[in-house]
> 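Quick one: structure below, then a few questions.
Sequence positions, counted from 1, serve as the residue numbers for this chain.
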Amino acid sequence: MSSSDRRTLVLGLAALALGGCGFRPAHGPEGVASDLRGGIAIDPPDTRNAFALVERLEDRLGRADAPVYRLGHRIGTSRRALGITGAQETTRFTIEGDLAFELYELATGRLVQSGKVTAFSAYSATGSTVATLAAERDAERRLMVMLADQLVTRLIATAPGRAR
């Protein structure tokens, strides 16, 4: 049996096994992700980081045109010096972030899901003051994208989905 024949056999068996267990792609036409798209009203941002987070969440989940859920969130960040020269100058920083969230059903006010996701990003502080500030803001924005993506993944993975 050739390697391509073995690969075809293995993929066919995997497809049969997944089909038999009720597996459906999350982003398929009747997947959980389509149930959430446009159905979550996200609390409005009040900081630059929150704005970047909400922007990414709306990119992934869509703006709520007929919301079923409300998503509350709290962002926490902390900075640590990562690279320090012999002269005690910091050359690199890391920004650690956490996003606590609560997903409420609008009709009942019932808490559907809550939790926390974490991520980190880093930036260099070796350039001018302006370059360092730009690098820091870029790292914060990347961090918000990572936190939003983790949150969306968790929401999709644990969503109740449609009654079938």
> Restricting to pairs with a member in residues 111-125, which pass side chain to side chain donor-acceptor pair (under 3.5 Å), not counting sequence neighbours?
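Of all non-adjacent pairs touching residues 111-125, those that pass side chain to side chain donor-acceptor pair (under 3.5 Å) are Q113-T158, S121-R142, S124-T126.
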> In terms of hydrophobic clustering (I, L, V, M, F, W, Y; side-chain heavy atoms under 4.5 Å; direct or indirect links), are L53 and F120 co-clustered?
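Cluster IDs for L53 and F120 differ.
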> Would you name the heavy atoms of I75 and A50 that are closest together and state the gap between them?
CD1-CA, 3.6 Å
> What distance separates Q150 CD from L155 CG, expressed to the nearest 0.5 Å?
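Rounded to the nearest 0.5 Å, the CD-CG separation comes to 12.0 Å.
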> Tell me whether V117 shares a hydrophobic cluster with I156, the cluster being built from Ile, Leu, Val, Met, Phe, Trp, Tyr side chains joined at under 4.5 Å.
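Hydrophobic grouping puts V117 with I156.
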> Applying the side chain to side chain contact (heavy atoms under 4.5 Å, CB included) test to L147, which of L143, L151, D149 qualifies?
L143
> At what distance, to the nearest 0.5 angstrom, does CZ of R63 lie from CD1 of I40?
14.5 Å
> Just how far is it from atom CE of M144 to atom CZ of R56, taken to the nearest 0.5 Å?
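Reported value, rounded in 0.5 Å steps: 13.0 Å.
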> Report all side-chain donor-acceptor pairs from residues 98-109 shorter than 3.5 Å, counting only partners two or more places apart or in another chain.
from	atom 1	to	atom 2	distance (Å)
E102	OE1	R74	NH1	3.4
E102	OE2	R74	NH1	2.6
E102	OE2	R74	NH2	3.0
E105	OE1	T108	OG1	2.7
T108	OG1	R110	N	3.1

> Just verifying a value: how many Å separate H73 NE2 and I42 CD1, rounded to the nearest 0.5 Å?
7.0 Å
> Count I, L, V, M, F, W, Y as connected when their side-chain heavy atoms are under 4.5 Å apart, and connections chain through other members. Are L61 and V145 then in the same cluster?
no
> V54 and D43: which non-hydrogen atoms are nearest, and at how many Å?
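Distance-wise, the nearest heavy atoms are CG2-O, 3.8 Å.
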> Do you know the tightest heavy-atom contact between R154 and G115?
NH1-CA, 3.9 Å
> Do you reckon L71 sits in the same ILVMFWY cluster as V112, going by side-chain contacts under 4.5 Å, direct or chained?
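Same cluster: L71 reaches V112 through Ile, Leu, Val, Met, Phe, Trp or Tyr contacts under 4.5 Å.
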> Do side-chain atoms of R37 reach the backbone of R60 as a donor and acceptor pair under 3.5 angstrom?
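Checked: pair present.
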> Can you find a heavy atom in the side chain of R141 that is under 4.5 Å from one in the side chain of E55?
yes
